[in-house]
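This report concerns only the one structure given below.
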Amino acid sequence: MSVVLRNAQRAVPVRRAPLRRAVCALRAALGASRFDLGLVCAGNALMQRLNGAYRQCPEPTDVLSFPFHQVAAAAGELPRPRCRDEYNLGDIFLGVEYIHQQCRETGEDFDDVLTVTAAHGLCHLLGYRHDTKPEWEQMYQKEAQILEELNRLTGSRLRPLTAGLF
């Protein structure tokens, strides 16, 4: 199945092909290769509107995930589609302008942080959360696992975003 990537902003250049390849590898590491996925690279204005509308926090953010299916009872459980049209994980909105601003402040590599943020968004699509310490530990382990698989394939050294959350 496919990963549809749309760049809906002009503030920051995005290398779409490497990002798409990385997201495909991360999706495979989650065992979800047969599911479609939408990935939108968004600017601060769109992220602020979406964050305000869906999370009542009208500020730009780095990532928002919108599952196609109702989230399963157990984090990490793949959806059970009833027909071909339901083989869809959902959509991830990457706040590339926000991420780029943070990378300028921290000196981190933008493309690496974009990939790690996409991994974080993928985990959210599969029901992982980080509201409590046990949830964070579970999500951190899953992110670390799929990033380790990507690192093995690409020779990179990516780590989860939520390393210092709790």
Side-chain angles (χ1 to χ4, degrees), residues 1-9 12 14 16 19-81 85-100 102-103 110-132 134-147 149-150 158-163 165-166:
M1 293 297 199
S2 67
V3 171
V4 176
L5 194 153
R6 179 170 176 248
N7 188 5
Q9 56 82 48
V12 179
V14 176
R16 292 187 292 194
L19 179 59
R20 183 190 317 275
R21 281 192 302 274
V23 168
C24 286
L26 291 165
R27 191 178 53 156
L30 285 166
S33 291
R34 66 184 186 270
F35 290 88
D36 291 329
L37 173 69
L39 192 62
V40 179
C41 295
N44 282 345
L46 177 55
M47 293 303 283
Q48 182 173 340
R49 281 196 311 275
L50 292 171
N51 206 17
Y54 292 98
R55 297 183 62 232
Q56 292 67 55
C57 185
E59 298 173 6
T61 189
D62 57 352
V63 63
L64 293 168
S65 297
F66 298 96
F68 181 83
H69 297 273
Q70 212 170 10
V71 177
E77 207 173 282
L78 288 174
R80 292 191 174 95
D85 290 343
E86 292 183 1
Y87 277 87
N88 189 336
L89 289 179
D91 297 312
I92 298 170
F93 284 73
L94 295 173
V96 296
E97 188 175 358
Y98 181 88
I99 293 166
H100 190 261
Q102 285 189 323
C103 288
F110 172 70
D111 291 319
D112 287 351
V113 174
L114 206 56
T115 298
V116 171
T117 306
H120 188 81
L122 270 167
C123 287
H124 276 310
L125 288 180
L126 292 180
Y128 290 95
R129 302 181 55 83
H130 47 77
D131 299 325
T132 66
E135 287 176 340
W136 169 80
E137 288 171 346
Q138 183 183 33
M139 185 166 180
Y140 180 86
Q141 289 200 342
K142 181 50 74 174
E143 282 184 55
Q145 176 192 343
I146 65 173
L147 287 169
E149 176 63 17
L150 181 63
L158 305 177
R159 295 175 28 120
L161 280 179
T162 56
L165 195 58
F166 278 94

So Leu26 and Thr115, side-chain contact (heavy atoms from CB on, under 4.5 Å) or not? Walk me through it.
CA-CA 9 Å; Leu26 291 165; Thr115 298; 4.2 Å; yes
Output for pair (Ile146 CD1, Cys123 SG), nearest 0.5 Å, gives 4.0 Å
Residue that, paired with Phe68, satisfies side-chain contact (heavy atoms from CB on, under 4.5 Å) out of Asp91, Leu37, Asp36, Asn88
Asn88
Could you tell me which non-hydrogen atom of Leu122 sits nearest to which non-hydrogen atom of Arg27, and how far apart they are?
CD1-N, 4.1 Å
Using 0.5 Å steps for rounding, measure from the CE atom of Met139 to the CG atom of Asp131.
10.0 Å
Any side-chain heavy atom of Arg20 sitting closer than 4.5 Å to one from Leu39?
no
Which pair of heavy atoms, one from Met47 and one from Ala42, lies closest together, and at what distance?
SD-CB, 3.7 Å
For Leu126 and Pro79, work out which heavy atoms get closest and say how close.
CD2-CD, 4.2 Å
Ignoring hydrogens and geometry, is there a side-chain-to-backbone donor-acceptor pair from Asn51 to Cys57 under 3.5 Å?
yes
From CD (Glu149) to CG (Leu30), nearest 0.5 Å
10.5 Å
Minimal non-hydrogen separation, Pro60 against Tyr98, with atom names:
O-CE1, 3.7 Å
Smallest separation among heavy atoms of Gly121 and Ile92, with atom names:
C-CD1, 3.6 Å
Can you tell me how the ring of Phe35 sits relative to the ring of Tyr87, calling it parallel under 30°, perpendicular over 60° and tilted otherwise?
tilted
Mind listing the closest non-hydrogen atom pair of Val63 and His120 along with its distance?
CG1-CD2, 3.8 Å
Do Leu64 and His124 come close enough that some side-chain heavy atom pair is under 4.5 Å?
no
Exam field: side chain Glu135 to backbone Arg129, donor-acceptor pair closer than 3.5 Å
no
Between Tyr140 and Arg159, is there a side-chain heavy-atom distance shorter than 4.5 Å?
yes
In the structure I gave you, are the side-chain heavy atoms of Val96 and Phe110 within less than 4.5 Å of one another anywhere?
yes
I would like to know whether Leu19 and Leu94 meet side-chain contact (heavy atoms from CB on, under 4.5 Å); could you show each step before the answer?
CA-CA 11 Å; Leu19 179 59; Leu94 295 173; 4.1 Å; yes
Atom OG1 of Thr61 and atom CD of Gln48: how far apart are they, to the nearest 0.5 Å?
11.0 Å
Return the CG to CD1 distance between Asp112 and Ile99, rounded to the nearest 0.5 Å.
12.0 Å
Check salt bridge (charged side-chain N to carboxylate O under 4.0 Å, His left out) between Asp111 and all other residues, then give those that pass, not counting sequence neighbours.
Arg15
Approximate separation, where rounding is to 0.5 Å, of Leu78 CG and Arg34 CZ
6.0 Å
